[in-house]
A.B. asks: 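Below you will find the structure I want to go over with you.
For ligands, and for the atoms within them, numbers begin at 1 and follow the listed sequence.
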Amino acid sequence: MKTVVLAYSGGLDTSVAIPLLKERYDYDRVITVVADVGQPKSEIADATKRAEALADAHYTLDLKEEFVEDYLFSAIKANGLYEGYVLGTALARPLIAKKIVEVAESENADALAHGCTGKGNDQLRFEVIFRATEFDVVAPMRDLNLTREWEIDYARDHGIPVAVSREKIWSVDENIWSRSIEGGELEDPYVIPPEEIYEWTKSPERAPEPETIELAFENGVPISLSGTATPGVALITKLNEIGGAHGVGRSDNIEDRVLGLKAREIYEHPAATILLTAHRDLESLVLTRDELRFKAIVDAAWAELAYEGLVDEPLYADLAAFVDETQKRVTGNVLVRLHAGSAVVVARRSDFALYSEELVSFGESSIDQRDSEGFSKYHGFQSRLVQKAMR
Ligand code: ARG
């Protein structure tokens with residue numbers, strides 16, 4: 001008996017992978033795992049039902065809390081953005097891959113499988129975790145060089161119901177942090193995305209009246225929404241609803257994939273936009289100029305590793321340790337105004353604020369302005385020396 005454990009999403013690729021793993025790879029048992037990282041409930045239910053019908057055994061794992069607390073909180077603290085992308089899919093893959101390994105160990109399986117193609121980042125993110133184990137690794141979509149058209153026909157022949165059609169052929173990847181939409185006519189970067197691809201966000205053109213929300217952060221992590229203490233999963237879920245209603249968090253990027261391919265990627269991520277905007281603003285209030293400058297470099301390096309799925313690279317933990325150290329003072333409140341697709345910070349406060357109204361004010365102040373004369377005399381001193389030398 002040869003057993004393979006498949007990371008299953010309920011979508012076309014992983015659905016056709018189930019019979020393919022038996023027909024083309026001779027596995028006797030295919031065990032599927034649906035990782036619930038915050039996809040819509042109906043989708044988890046559909047995927048579970050479908051997996052139970054197609055696979056020999058199935059697991060649906062609720063990973064929402066772990067995803068938020070172990071991955072998304074780190075992303076907030078590190079202002080996690082890769083080329084403007086909020087790192088949704090990228091952060092979920094390592095967690096999913098680790099859970100697949102755990103299931104394979106408990107089931108005494110022989111192999112691990114994923115449904116990624118050979119063109120994207122996800123194959124790398126899964127396999128960097130998979131290949132650190134003794135299990136065989138199978139990637140049928142990549143091996144067999146399959147196209148979506150072929151998969152649709154194969155699925156029909158095998159009685160697998162498919163949600164995509166030749167016209168609406170988007171490939172969607174969703175978790176609580178972001179919804180990514182790619183493929184079909186969107187592959188032409190000069191095509192304006194049709195409104196129907198969006199599910200989390202209303203069109204900013206049809207936005208309601210502006211709304212201001214209050215977020216409280218403690219040590220860089222959001223803890224409450226408009227005065228109500230709210231744990232991570234609930235907070236992000238709520239912010240996706242509120243932000244989505246205001247059309248906040250749409251993005252359309254030309255993204256450099258790890259392989260070097262440029263891809264057109266469209267995302268929806270209302271909560272991520274709001275939280276990252278608020279967090280970055282709060283940091284500007286409490287961190288020193290030197291900390292802010294250096295942290296921007298650390299944040300970018302962290303995001304690159306996260307994008308590549310290299311969460312077991314020691315540098316990832318090293319950078320995260322630096323980031324955590326800086327978050328000790330990132331505690332306070334931020335007011336964010338949501339309107340017509342934008343999330344703008346309109347007020348902020350913190351007990352650790354380095355800002356002092358008394359010092360900076362145009363009015364009475366304990367700063368004696370005359371002390372700055374000496375400073376001013378020598379500011380840019382070397383430029384003056386150069387100008388003199390060049391005369
Ligand atoms: N480009 C993003 C990333 O690499 C998202 C990929 C999502 N996959 C999908 N089938 N829509 O993280």
A.B. asks: Does Y154 offer a backbone N or O that forms a donor-acceptor pair with the side chain of H158 under 3.5 Å?
C.D. replies: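 Checked: pair present.
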A.B. asks: Flag this pair as yes if the NZ/CZ of R125 is under 6.0 angstrom from the six-membered ring centre of Y307 and inside a 45 degree cone about the axis; otherwise no.
C.D. replies: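 Here R125 passes the 6.0 Å and 45° test against Y307.
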A.B. asks: In residues 215-227, what donor-acceptor pairs under 3.5 Å come from side-chain atoms, sequence neighbours left out?
C.D. replies:
from: N219; atom 1: ND2; to: K328; atom 2: O; distance (Å): 3.3
from: S226; atom 1: OG; to: E214; atom 2: N; distance (Å): 3.2

A.B. asks: Taking the six-membered ring for Trp and the single ring otherwise, decide whether the centroids of F381 and Y378 are under 6.0 Å apart.
C.D. replies: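 That pair passes the under 6.0 Å test.
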A.B. asks: May I ask you to decide if D136's main-chain N or O and D110's side chain share a donor-acceptor pair within less than 3.5 Å?
C.D. replies: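 Pair absent, no side-chain N/O of D110 close to backbone of D136.
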A.B. asks: Between ligand 1 and the protein, find all N/O pairs closer than 3.5 Å and give the distance for each.
C.D. replies:
from: ligand 1; atom 1: 1 (N); to: E255; atom 2: OE2; distance (Å): 2.8
from: ligand 1; atom 1: 1 (N); to: E265; atom 2: OE1; distance (Å): 3.2
from: ligand 1; atom 1: 1 (N); to: E265; atom 2: OE2; distance (Å): 3.3
from: ligand 1; atom 1: 1 (N); to: Y267; atom 2: OH; distance (Å): 3.0
from: ligand 1; atom 1: 4 (O); to: N121; atom 2: ND2; distance (Å): 2.8
from: ligand 1; atom 1: 4 (O); to: R125; atom 2: NH1; distance (Å): 3.1
from: ligand 1; atom 1: 4 (O); to: R125; atom 2: NH2; distance (Å): 3.0
from: ligand 1; atom 1: 10 (N); to: S171; atom 2: OG; distance (Å): 2.6
from: ligand 1; atom 1: 10 (N); to: E182; atom 2: OE2; distance (Å): 3.4
from: ligand 1; atom 1: 11 (N); to: S171; atom 2: O; distance (Å): 3.2
from: ligand 1; atom 1: 11 (N); to: S180; atom 2: OG; distance (Å): 2.8
from: ligand 1; atom 1: 12 (O); to: Y85; atom 2: OH; distance (Å): 2.7
from: ligand 1; atom 1: 12 (O); to: R125; atom 2: NH1; distance (Å): 2.9
from: ligand 1; atom 1: 12 (O); to: R125; atom 2: NH2; distance (Å): 3.0

A.B. asks: Between E182 and R148, is the closest basic N to carboxylate O distance under 4.0 Å?
C.D. replies: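 No, this pair does not count.
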